[in-house]
J.: 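For reference, the structure I am asking about is given below.
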Amino acid sequence: MSNVNITLPDGSSKVYPQGTTGLDIAKSISSRLAKEAIAVKVGGKIRDLNAEIDGDAPVEILTFDTPEGKQVFWHSSAHIMAQAVTELFPEAKLAIGPPIEEGFYYDFEVSKPFSPEDLERIERRMQEIIDEKAVFHREDVTRREMLEKYRRDGAQYKVEMLEEDILDERVSVYKHSSFEDLCRGPHIPDTGVIKAFKLTASSGAYWRGDEKRTMLQRIYGVSYPKRKMLEDYLYRMEEARKRDHRVLGKQLELFHITNDVGAGLVLWLPKGALIRNEIENFWREEHLANGYDLVFSPHIARLDLWNRSGHTDFYAENMYQPVKVDEERFQIKPMNCPFHISMYKSRRWSYRDLPMRWAELGTVYRYEMPGVLHGLMRVRGFTQDDAHHFVSPEGMEDELVWLLKFCLHILDSFHFPDYDIYLSTRPEKAIGDPDDWVKAEGGLRHALELLNLPYSVDEGGGAFYGPKIDIKIKDALGRSWQCSTIQFDFSLPERFDLNYVDRDGQMKRPYMIHRALLGSVERFFGVLIEHYAGRFPLWLAPVQARVLPITDDQIEYGRQVVDRMKRAGLRVDLDSRSEKIGHKIRESELQKIPYMLIIGARESESDTLSVRLHGKGDQGSFEVDTLIEKMRAEIETKAPESQLT
RNA sequence: GCCCAAGUAGCUCAGUCGGUAGAGCACAUCCUUGGUAAGGAUGAGGUCACCGGUUCAAAUCCGGUCUUGGGCUCCA
């Protein structure tokens with residue numbers, strides 16, 4: 001009888017008898033660990049806690065605190081939900097039920113969508129299954145055997161998975177209570193481990209996300225090993241809702257969307273417009289200081305232009321119908337590139353002129369399906385902070401690296417803690433030689449690697465004219481939105497016959513880069529509102545300070561202060577209503593005004609202000625000029641937070 | 001586009017069994033002049049999303065349209 005030699009994450013090793021399981025190991029370490037253990041990682045592979053460990057290996061006991069532990073926990077929860085659903089709705093066909101970032105879902109084919117009352121019934125049944133403390137068992141079977149069984153049962157989705165996705169000879173089935181499901185596993189030891197759960201939503205979801213296939217009904221849920229964790233989750237959701245840009249946009253009067261104007265069309269109210277102007281001013285300064293020229297282009301162009309660019313072939317589903325002007329048809333623009341290309345063709349260029357960088361805050365209109373419109377994040381009319389670089393093939397790589405750095409510099413000015421970078425490759429509908437695509441993808445990859453940026457690959461996510469790098473930022477509810485995009489393009493220069501005169505006097509074809517750094521001003525603003533939770537840094541705050549007189553006697557002094565501060569370039573107003581100071585403070589706090597300047601008899605006599613910072617309270621009194629200087633410095637440095645000490 | 005839910009005052013929301021609509025906040029006027037998150041009184045404010053149907057009678061029941069919200073590739 002041989003033993004197995006186990007190495008634990010802390011580096012210590014121990015010898016266990018043959019046939020030992022993850023649970024045995026956990027028990028030998030501490031009873032608490034044994035209680036909290038969900039699964040075990042053996043030599044990098046996640047296994048069931050009761051699986052025998054058959055050789056020497058590094059072993060890690062997984063609890064809910066680990067990402068893998070959470071995934072197992074939620075996956076098992078999905079099985080329990082599926083059991084409840086199949087019992088209550090015997091005709092339901094099972095599709096898939098994976099864990100997700102926070103929680104799990106399961107897709108079912110049912111004759112009628114689930115109602116809120118159905119979810120309550122399912123929850124009650126799930127609780128009973130959990131109370132059973134039913135143990136999960138694994139069984140290994142042949143693929144052929146399962147396929148036959150599922151064919152007999154008419155379990156078409158399982159059949160499809162076994163026919164198309166899971167091609168191993170042997171597959172596994174997990175059973176607990178009266179339920180069994182094809183499953184790779186592993187699973188929690190028993191259903192009793194789940195101490196709190198909630199079904200959070202139900203919705204339609206296409207089988208394999210394909211709108212041409214059957215619509216299934218999906219139920220989402222979350223579950224936890226401690227009741228408190230569920231409470232925390234629900235609290236977090238509530239807090240996230242408070243920083244939702246749609247909620248804050250209304251409260252702070254930043255923007256308005258109304259059906260009187262049209263779905264997906266944004267009205268920028270004065271305060272939102274002010275922030276937008278600050279962002280755009282910053283954007284223009286940075287571009288002019290970094291080798292860009294700024295250009296403007298019209299909103300419509302002859303349809304011929306869009307035929308030549310390929311948009312009418314490859315982008316038709318996002319474009320509005322052309323309008324007729326005299327006998328000519330004109331297309332409202334979904335992109336700015338054909339205009340910048342037409343500008344390029346306005347004269348001849350030399351290699352000495354390259355790289356050329358032309359930027360424009362260009363407003364474009366795209367048809368988006370009604371169901372996907374979302375606040376400022378997905379709209380039908382938006383302004384891209386667009387630019388096109390015209391580059392020689394030799395200069396391409398340096399230009400990409402330079403651009404990527406510039407992009408990160410712009411994003412960093414808004415203090416985003418993190419973002420996700422994607423490299424998107426050739427989509428199904430694309431123009432250009434596939435070999436060029438491969439080369440271009442290599443160029444983008446190289447730039448990312450040179451700058452040591454971690455990224456994921458989005459297969460088939462590129463634009464129709466070239467591959468791209470996207471940077472996505474998450475909103476308050478954890479959904480991720482593409483902001484920056486850097487797109488390689490070798491096709492449009494070809495289509496429009498662009499060229500430049502090279503050193504040797506020969507005509508050469510330039511490459512193009514399309515790029516947007518903020519993405520769209522609308523979406524970026526939405527992300528920014530949520531990022532700052534409406535508490536904009538001073539340089540962006542629409543009202544930077546509000547003067548609050550304690551009695552009407554200080555209104556005259558208040559006017560003088562406002563006037564002085566305005567002349568110093570600050571955005572200040574006066575609350576001259578005959579309300580109590582507490583009331584004025586409350587309203588200023590709710591409006592998230594960074595500086596509240598309180599003036600009573602003491603202040604008006606000594607030319608001072610009593611300063612209260614939003615969210616931070618009373619900061620004591622300051623001379624008016626001193627405060628002006630401090631605020632101006634804070635604006636100049638674009639400080640993320642007000643700090644007076 | 002598809003599935004589900006919702007749409008009532010500027011905002012947040014009540015509105016029971018079908019009997020012509022209500023609160024709080026905000027707003028206006030007046031009183032109050034108060035030192036760090038809501039002082040008081042009075043007033044004004046509505047095509048109950050829109051169109052159609054059932055009914056003596058519709059915010060309410062039925063149908064349609066529009067809009068909003070959640071979701072629609074994360075191999076078992």
Side-chain angles (χ1 to χ4, degrees), chain A residues 71 75 78-79 82 94-101 105-107 110 112-116 118-119 143 146 150 155 157-158 160-162 164-168 171-174 180-185 200-220 241 244 246-247 250-251 253 256-260 262-264 317 367-375 458-460 477 479 548-555 577-590 596-603 610-615 617-621:
Chain A
Q71 295 291 295
H75 189 182
H79 274 230
L94 302 181
I96 59 168
I100 51 178
E101 218 165 287
Y105 68 78
Y106 212 112
D107 286 345
V110 280
K112 236 186 9 227
F114 298 108
S115 67
D118 290 337
L119 293 196
R143 176 165 150 273
M146 281 318 287
Y150 281 136
Y157 301 102
K158 300 292 175 188
E160 193 177 319
M161 282 183 270
L162 284 172
E164 294 176 18
D165 308 313
I166 307 164
L167 302 173
D168 306 320
V171 298
S172 55
V173 169
Y174 275 80
E180 72 166 68
D181 196 8
L182 175 69
C183 183
R184 181 174 49 192
T200 51
S202 70
S203 74
Y206 296 103
W207 171 233
R208 309 213 158 178
D210 181 349
E211 60 183 288
K212 289 181 199 70
R213 306 229 205 179
T214 325
M215 170 154 291
L216 307 172
Q217 293 301 319
R218 175 172 298 179
I219 303 178
Y220 285 92
R241 178 68 192 154
D244 187 317
R246 293 162 301 184
V247 173
K250 213 173 256 178
Q251 270 168 17
E253 299 179 326
H256 183 55
I257 298 176
T258 165
N259 197 32
D260 292 345
E317 56 190 28
Y367 175 74
E368 297 286 357
M369 288 199 290
V372 305
L373 298 176
H374 183 92
D458 177 8
E459 283 306 334
L477 295 169
R479 291 174 293 214
L548 310 177
I550 287 174
T551 75
D552 289 357
D553 294 341
Q554 285 86 46
I555 290 180
R577 297 173 306 166
S578 333
E579 289 291 349
K580 292 172 97 164
I581 193 65
H583 188 78
K584 295 181 183 180
I585 286 173
R586 178 178 156 81
E587 296 205 342
S588 301
E589 287 280 355
L590 290 173
M596 284 158 278
L597 310 176
I598 291 148
I599 51 174
R602 284 202 300 275
E603 288 81 5
S610 174
V611 177
R612 179 187 168 102
L613 286 181
H614 171 76
D618 195 353
Q619 305 288 307
S621 70

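Basis for what follows: all heavy atoms, side chains included, without hydrogens, waters or symmetry-related copies. Lettering follows sequence order; numbering is per chain, from 1. As the structure is a computational prediction, the values presented were derived from the model and not from experiment.
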J.: Distance check, P atoms only: rG19(B) and rC48(B), in whole angstrom units.
T.: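 Between the two P atoms, the distance is 16 Å.
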J.: Using whole Å, report how far CD1 of I550(A) lies from P of rG39(B).
T.: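 After rounding, the reported distance stands at 14 Å.
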J.: Under a 3.5 Å cut-off for both contacts, is rG22(B) paired Watson-Crick or G-U wobble with anything, and if yes, with which nucleotide?
T.: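 When the pairing criteria are applied, rC13(B) turns out to be the nucleotide that pairs with rG22(B).
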J.: Pick base, sugar-phosphate or nothing for G204(A), based on heavy-atom distances below 4.0 Å to the nucleic acid.
T.: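 Base: the residue G204(A), judged by heavy atoms under 4.0 Å, touches a nucleobase.
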J.: Look at the side chain of D618(A) and decide which nucleotide, out of rA38(B), rU33(B), rU36(B), has an atom nearest to it.
T.: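 The answer is rU36(B), which lies nearest to the side chain.
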J.: For a quick test of reading the model: is some side-chain N or O of K584(A) closer than 4.0 Å to OP1 or OP2 of rG35(B)?
T.: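 No, outside the criterion.
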J.: Could you tell me whether the phosphate oxygens of rA37(B), OP1 or OP2, come under 4.0 Å of any side-chain nitrogen or oxygen in R612(A)?
T.: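 For R612(A), the contact criterion (side-chain N or O under 4.0 Å from OP1 or OP2 of rA37(B)) is met.
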J.: Is Y105(A) close enough to rC72(B) that one of its side-chain N or O atoms is under 4.0 Å from OP1 or OP2 there?
T.: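 Indeed not, no polar side-chain atom of Y105(A) lies that close.
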J.: Touch check for E579(A), heavy atoms < 4.0 angstrom, all strands: base, sugar-phosphate only, or nothing?
T.: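 E579(A): base contact, heavy atoms under 4.0 Å.
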J.: Does a salt bridge link E164(A) with R208(A), judged by any charged N lying under 4.0 Å from a carboxylate O?
T.: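 Salt bridge flag = yes for R208(A) with E164(A).
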J.: Both R241(A) and G615(A) contact RNA chain B. Taking the nearest nucleotide for each, which residue is further toward the 5' end?
T.: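 Going by which nucleotide is closer to the 5' end, it is G615(A).
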J.: Hey, does M161(A) reach any base, or is it just sugar-phosphate, or nothing, if we go heavy atoms under 4.0 Å?
T.: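 Touches sugar-phosphate only.
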J.: What contact category does K250(A) fall into here, base, sugar-phosphate, or nothing, at under 4.0 angstrom with non-hydrogen atoms?
T.: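 Sugar-phosphate contact only - K250(A) comes under 4.0 Å of backbone atoms but never of a base.
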J.: In the strands shown, is rC75(B) matched to any nucleotide by a Watson-Crick or G-U wobble pair with both distances under 3.5 Å, and which?
T.: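 With both distances under 3.5 Å required, rC75(B) matches none.
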J.: How far, in whole Å, is rG40(B) from rG46(B) if one measures between their C1' atoms?
T.: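 Rounded to whole Å, the distance is 27 Å.
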J.: If the C1' atom of rG10(B) is compared with that of rG53(B), how far apart are they to the nearest Å?
T.: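 Straight-line distance between the two C1' atoms is 33 Å.
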J.: Specify the separation, in whole Å, of atom NZ of K212(A) and atom P of rU73(B).
T.: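 Rounded to whole Å, this separation is 13 Å.
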J.: Remember a base hit wins even if backbone is also touched, and classify V372(A) as base, sugar-phosphate or nothing at under 4.0 Å, heavy atoms.
T.: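 Base, at least one base atom sits under 4.0 Å.
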J.: Is it true that the side chains of Y106(A) and D181(A) contain a donor and an acceptor less than 3.5 Å apart?
T.: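 Their side chains do contain a donor-acceptor pair, which is all the 3.5 Å distance test asks for.
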J.: Under 4.0 Å, heavy atoms only, any strand: does N259(A) hit a base, just the sugar-phosphate, or nothing?
T.: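 Answer is sugar-phosphate: N259(A) comes under 4.0 Å of backbone atoms only.
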J.: Please evaluate residues S621(A) and V611(A) with respect to the criterion side chain to side chain contact (heavy atoms under 4.5 Å, CB included), reporting the C-alpha separation (whole Å), side-chain torsions for both, the decisive distance (0.1 Å), and the verdict.
T.: CA-CA 6 Å; S621(A) 70; V611(A) 177; over 6 Å; no
J.: Locate the shortest heavy-atom distance separating L373(A) from A263(A); write the atom from each residue and the value.
T.: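 Distance-wise, the nearest heavy atoms are CD1-CB, 3.7 Å.
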J.: Base, sugar-phosphate, or nothing: which does G375(A) touch, judged by heavy atoms less than 4.0 Å apart?
T.: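 Sugar-phosphate only.
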J.: When all nucleic acid strands are considered with a 4.0 Å heavy-atom cut-off, which category describes L94(A): base, sugar-phosphate, or nothing?
T.: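 No contact.
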J.: Grab the OH-C1' distance between Y220(A) and rG69(B) for me, whole Å please.
T.: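 Rounded to the whole Å, the gap is 15 Å.
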J.: Between S115(A) and H256(A), who's closer to the 5' end of RNA chain B by nearest nucleotide?
T.: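 Checking each residue's closest nucleotide, the 5'-ward one belongs to S115(A).
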J.: Looking only at atom C1', what distance separates rC3(B) and rA59(B), rounded to whole Å?
T.: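 Their C1' atoms lie roughly 27 Å apart.
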J.: Mind checking whether M596(A) and K584(A) have side chains closer than 4.5 Å, heavy atoms only?
T.: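 Not in contact.
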J.: What does rC61(B) pair with, Watson-Crick or G-U, if both distances are under 3.5 Å?
T.: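 Because both required distances fall under 3.5 Å, rC61(B) counts as paired with rG53(B).
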J.: When you compare rA9(B) with rG24(B), how far apart are their P atoms, in angstrom units rounded to a whole number?
T.: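 Going atom to atom, P in each nucleotide, I get 16 Å.
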J.: In whole angstrom, give me the gap between the P atoms of rU60(B) and rG7(B).
T.: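 11 Å, rounded to whole Å.
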J.: For rG70(B), does OP1 or OP2 lie under 4.0 Å from any side-chain N or O of R479(A)?
T.: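 For R479(A), the contact criterion (side-chain N or O under 4.0 Å from OP1 or OP2 of rG70(B)) is met.
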J.: Kindly point out which of rG70(B), rC27(B), rC3(B) is positioned nearest to the side chain of H374(A)?
T.: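 Selected nucleotide: rG70(B).
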J.: What is the distance, to the nearest angstrom, from the NE2 atom on H75(A) to the P atom on rC74(B)?
T.: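 Taking NE2 of H75(A) and P of rC74(B), I get 12 Å after rounding.
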J.: So, for H75(A) and G97(A), which heavy atoms are closest and what is the spacing to 0.1 Å?
T.: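 That would be CD2-O, 3.4 Å.
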J.: Now, which nucleotide makes the Watson-Crick or G-U wobble pair with rA6(B), with each of the two distances under 3.5 Å?
T.: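 Partner of rA6(B): rU67(B).
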J.: Once you apply a heavy-atom cut-off of 4.0 Å, does I581(A) come out as touching a base, just sugar-phosphate, or nothing?
T.: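 Contact class for I581(A): sugar-phosphate only.
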J.: In whole Å, measure the gap between the P atoms of rA23(B) and rU42(B) for me.
T.: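 Going atom to atom, P in each nucleotide, I get 12 Å.
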J.: Looking at rA26(B), rU32(B), rA37(B), which one has an atom nearest to any side-chain atom of L590(A)?
T.: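 The answer is rA37(B), which lies nearest to the side chain.
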J.: Q554(A) CD to rU33(B) P: how many Å, rounded?
T.: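 After rounding, the reported distance stands at 14 Å.
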J.: Considering Watson-Crick and G-U wobble pairs with both distances under 3.5 Å, what does rA28(B) pair with?
T.: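 Result: rU42(B).
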J.: Is a salt bridge present between E579(A) and R586(A), judged by a nitrogen-to-oxygen distance below 4.0 Å?
T.: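 Salt bridge absent between E579(A) and R586(A).
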J.: Distance check, C1' atoms only: rC11(B) and rC56(B), in whole angstrom units.
T.: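 It comes out at 38 Å once rounded to the nearest Å.
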J.: Any donor-acceptor pair under 3.5 Å joining the side chain of E603(A) to the base of rG35(B)?
T.: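 Per atom types, the contact qualifies.
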J.: Between R208(A) and rC72(B), is there a side-chain N or O to OP1/OP2 distance below 4.0 Å?
T.: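 Negative; the distance criterion is not met.
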J.: Under 6.0 Å from the six-membered ring centre of Y105(A) and within 45° of its axis: does the NZ or CZ of R218(A) meet both?
T.: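 Yes, cation above the ring, under 6.0 Å and within 45°.
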J.: Provide, to the nearest angstrom, the distance between the CD atom belonging to Q251(A) and the C1' atom belonging to rA26(B).
T.: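 Atom-to-atom, Q251(A) to rA26(B), this comes out as 13 Å.
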J.: Counting only side-chain nitrogens and oxygens, does H583(A) get under 4.0 Å of the OP1 or OP2 atom of rG34(B)?
T.: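 For rG34(B), neither OP1 nor OP2 has a side-chain N or O of H583(A) closer than 4.0 Å.
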J.: Check every atom of rC75(B), rU36(B), rA26(B) against the side chain of D165(A) and return the nucleotide holding the closest atom.
T.: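 Out of rC75(B), rU36(B), rA26(B), the nucleotide with an atom closest to D165(A)'s side chain is rC75(B).
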J.: Taking only the side-chain nitrogens and oxygens of R218(A), find out if one of them lies under 4.0 Å from OP1 or OP2 of rU73(B).
T.: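 No, outside the criterion.
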J.: Within the 4.0 Å heavy-atom criterion, would you say G582(A) contacts the bases, only the backbone, or no part of the nucleic acid?
T.: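 It contacts sugar-phosphate atoms only.
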J.: Which is it for I96(A) and M161(A) under the side chain to side chain contact (heavy atoms under 4.5 Å, CB included) test, yes or no, and what are the steps along the way?
T.: CA-CA 9 Å; I96(A) 59 168; M161(A) 282 183 270; 3.6 Å; yes
J.: Taking CD from E211(A) and P from rU73(B), how many angstroms apart are they, rounded to a whole number?
T.: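 It works out to 10 Å between those atoms.
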J.: If the cut-off is 4.0 Å, is R184(A) near the phosphate of rC75(B), judged by side-chain N/O to OP1 or OP2?
T.: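 Checking R184(A) against rC75(B): no side-chain N or O falls below 4.0 Å of OP1 or OP2.
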J.: Rounded to the nearest angstrom, tell me the gap between atom CD1 in I555(A) and atom P in rU33(B).
T.: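 Answer to the nearest Å: 14 Å.
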J.: Please tell me if R246(A) has a side-chain N or O lying less than 4.0 Å from either OP1 or OP2 of rG70(B).
T.: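 For R246(A), the contact criterion (side-chain N or O under 4.0 Å from OP1 or OP2 of rG70(B)) is met.
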J.: So that I can tick it off, tell me whether R184(A) and D168(A) are bridged by a salt bridge, with the cut-off set at under 4.0 angstrom between side-chain N and carboxylate O.
T.: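 No salt bridge links D168(A) with R184(A).
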